[in-house]
Amino acid sequence: MHPVMEDQLHLLNLKMAAWSREFDHIFHIVNADAALQSVARQHNSTSDVSDFIQTAGPHIKTIIVEALGRRAVKVEMTYGPLPDSKTPSSPIALTFGVVLSKHDFKDTLDRGPEANTAAASKFRQFWGDAASKLRRFPDGSMAEGVSWPATTESEKRMICGDIVRQALRRHAAIGKTSVVYVGNLWDDVLKLQRVKFPPQMPVRSPTAEEYFSQIKHLYDGLSEDLRKMADLPLNIVSIRSTSPVVRSTEVFPPIPAALSADKVQAERQPYLQTIPVQVVMEGSAKWPNERNAVARLKTAFQLKLMEHLKGLDYFVTVADVEALRVWKAGYCFTVEVVYLGEVPLSRKVVLPDGRLKLEDTPQFLILKEKFDLNPKLASAIGGVVGQDESFGTACRIAKRWISSQLLHHYVPDEAVELIMAQIYVRPQPLETPAVPDVAFLRFLSLIATHDWHKSPLIVDFKKDMTHAEIAAIKADFTDKRKSFPLMSIITHFDATSHWTRNGPSAVILKRLGLLAKVSLLTAEAGRLSGTAFDSKTIFRYDFATKKSYRGSFTCL
């Protein structure tokens with residue numbers, strides 16, 4: 001036992017709360033006093049037990065920094081009782097926070113110096129002969145390398161944990177059981193439960209991220225095949241999908257159906273999710289000015305698409321007059337021909353006297369969302385996914401949490417994605433999250449602390465808004481507050497917060513903020529505890545009522 005001043009313990013707990021949202025990975029070295037004393041004595045001959053942690057800590061940090069190499073952008077260290085300690089006399093632990101390089105931390109191979117050099121000898125000495133092997137790389141060079149076995153994305157996110165444990169065991173005699181490495185806390189909530197997987201499914205991944213990659217590959221192949229059509233009277237301008245499945249933000253991926261020669265069967269699947277695909281045709285004077293005529297022409301285009309795809313061995317069925325169902329590898333894509341001129345046409349209303357009037361008809365609002373706003377959202381979110389791989393999984397965890405609190409029907413999925421996008425496009429003063437866990441904690445923090453009544457959430461996807469533009473948006477919001485939704489999310493393509501216009505309501509928004517606050521406190525305490533943590537706790541709909549915070553919900 002090592003005494004620590006009570007005020008120091010309080011300050012430490014405040015610091016650790018900030019750590020939980022700053023660092024991608026956090027790990028603790030606990031119950032390793034003998035090993036730490038040995039390290040301290042190697043660098044300082046003191047026999048004073050009270051300061052061996054301070055002496056050994058910097059040398060342990062040096063080992064960790066060298067071991068992680070390019071994978072880590074920043075490594076910080078602190079020491080003291082773990083944050084869940086009830087008394088200041090609890091055992092002291094060394095705690096490390098690591099900000100990861102989002103492009104490098106999941107690499108399964110660490111390339112060392114070229115063979116037969118002094119640097120190669122030092123590299124092999126650091127990792128040991130059993131780990132470091134001489135390898136030939138694709139560029140033909142021979143160099144030392146250390147391989148870290150990992151197959152799924154979930155396993156790759158924890159490679160840094162394997163690296164830290166091996167380095168500490170080799171250079172500080174700290175056993176694996178003394179290194180409490182926290183990561184992948186909420187992978188379990190994304191597991192597909194009680195599902196019979198078809199043989200063609202890829203490796204069984206805890207988070208199903210590989211399934212989304214497979215679907216995206218199939219979608220890209222379908223898009224390429226559609227672009228090959230050369231006998232259409234009008235050109236195809238673009239092929240796009242607004243589905244969250246394609247941008248990897250759907251909570252659970254669709255499971256492929258079992259196909260037979262004459263019918264489609266979905267074994268043990270009460271619901272089969274389709275993936276919408278829009279084939280956008282060029283604007284031309286060849287298009288008629290009447291909506292019924294436009295619909296007939298679109299049907300003719302779809303018949304041509306069907307003939308083309310059947311010639312490429314696709315299984316194609318006609319879903320309705322507006323779309324085709326195209327089956328590929330068991331997945332169902334709903335392919336629809338789009339004429340963007342149909343959106344303004346839907347505003348035309350014929351008055352009884354034969355005159356035309358332009359108004360925002362229900363059909364116009366539907367088509368504008370479907371063919372204009374949704375594609376813009378999909379493009380913006382897809383850009384974030386392309387830059388940060390963890391974004392999709394973070395969105396899925398956040399949606400799963402909202403569903404677990406029975407708020408899914410009140411908080412639109414698009415709003416969840418936009419709020420999470422703010423975490424990535426504007427992370428300052430912190431670094432962009434490299435792992436979903438930290439992004440989810442920051443999501444909860446934003447929900448719990450943002451004053452939705454006084455300020456909109458401005459998501460600057462292009463990262464080019466000036467201070468004057470942001471100030472103008474806020475001023476307009478203040479002047480016209482009653483015309484904006486309670487939860488207002490503004491982007492460069494949506495100045496009216498379209499996706500939250502129907503909710504959440506004031507009661508739901510307040511409850512959401514309170515639940516986020518309690519969930520954040522619980523999750524941060526578990527992440528920093530250094531002990532086994534039931535990460536599913538905050539995904540139980542009644543968890544808040546069982547805690548000491550339940551008094552906060554009496555007004556709801």
Side-chain angles (χ1 to χ4, degrees), residues 12-13 15-36 39 52-54 56-85 90-102 104-107 110 126-127 146 148 150 154-187 390 430-431 433-441 523-535:
L12 176 65
N13 287 340
K15 178 180 179 181
M16 295 303 292
W19 270 42
S20 183
R21 275 165 268 163
E22 178 181 0
F23 293 101
D24 296 301
H25 281 177
I26 291 175
F27 63 94
H28 314 276
I29 299 176
V30 298
N31 302 323
D33 289 4
L36 293 175
V39 172
F52 75 88
I53 292 282
Q54 298 181 55
H59 302 287
I60 297 297
K61 180 179 177 180
T62 300
I63 294 171
I64 292 168
V65 170
E66 183 174 354
L68 293 176
R70 73 186 192 285
R71 298 174 188 269
V73 174
K74 177 182 179 183
V75 178
E76 292 292 342
M77 178 193 73
T78 188
Y79 65 93
L82 292 171
D84 67 339
S85 301
S90 301
I92 291 179
L94 271 176
T95 299
F96 292 86
V98 183
V99 176
L100 298 169
S101 169
K102 63 182 181 181
D104 300 317
F105 82 100
K106 292 192 295 184
D107 289 349
D110 279 330
F126 183 85
W127 289 113
V146 180
W148 305 100
S154 179
E155 292 172 347
K156 291 177 182 178
R157 280 195 292 270
M158 292 302 291
I159 286 177
C160 289
D162 297 334
I163 292 173
V164 167
R165 292 187 186 95
Q166 182 161 325
L168 291 178
R169 182 182 59 181
R170 177 170 174 79
H171 295 283
I174 297 176
K176 291 183 177 180
T177 56
S178 294
V179 181
V180 181
Y181 206 98
V182 184
N184 289 352
L185 283 176
W186 292 289
D187 280 10
S390 63
L430 305 175
E431 296 288 336
V435 295
D437 290 358
V438 174
F440 177 55
L441 290 177
E524 286 188 332
R527 191 169 188 247
L528 298 168
S529 66
T531 58
F533 165 56
D534 182 7
S535 58

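Along the sequence shown, residues carry numbers from 1. Scope of the values below: all heavy atoms of this structure, side chains included, with no hydrogens, waters or symmetry mates.
In this structure, the side chains of Cys160 and Tyr181 come closer than 4.5 Å at one or more pairs of heavy atoms. By the 4.5 Å heavy-atom criterion applied to side chains, Val438 and Arg527 are counted as neighbours. In this structure, Ile159 and Asp107 have side chains that are not in contact, with every pair of non-hydrogen atoms separated by 4.5 Å or more.
Classification of the Trp186-Phe440 ring pair by plane angle, with boundaries at 30° and 60°, yields perpendicular.
Heavy-atom neighbours of Glu431 CD from other residues, nucleotides or ligands within 6.0 Å: at or below the threshold of 12.
Distance alone, capped at 3.5 Å, is enough to place a donor-acceptor pair between the Asp437 side chain and the Asn184 backbone.
Taking the side chain to side chain donor-acceptor pair (under 3.5 Å) definition, one finds that Trp148 meets it with Asp110, sequence neighbours left out. Applying the side-chain contact (heavy atoms from CB on, under 4.5 Å) rule to Ala67 yields the partners Phe126, Trp127, Ile163, Ala167; only residues at least two apart in sequence or on another chain are considered. Under the side chain to side chain donor-acceptor pair (under 3.5 Å) criterion, Lys156 pairs with no residue at all, not counting sequence neighbours. Annotation: side-chain contact (heavy atoms from CB on, under 4.5 Å) contacts of Ala434 (sequence neighbours excluded): Asp24, Leu100, Lys102, Phe105. Applying the side chain to side chain donor-acceptor pair (under 3.5 Å) rule to Lys61 yields no partners; only residues at least two apart in sequence or on another chain are considered. A search for side chain to side chain donor-acceptor pair (under 3.5 Å) contacts involving Ser101 returns Asp104, not counting sequence neighbours.
Pairs passing the salt bridge (charged side-chain N to carboxylate O under 4.0 Å, His left out) check and including a residue from residues 161-182, sequence neighbours excluded, read Asp162-Arg165.
Residues Lys106 and Arg157 share a closest heavy-atom pair of CD-CG, 3.9 Å.
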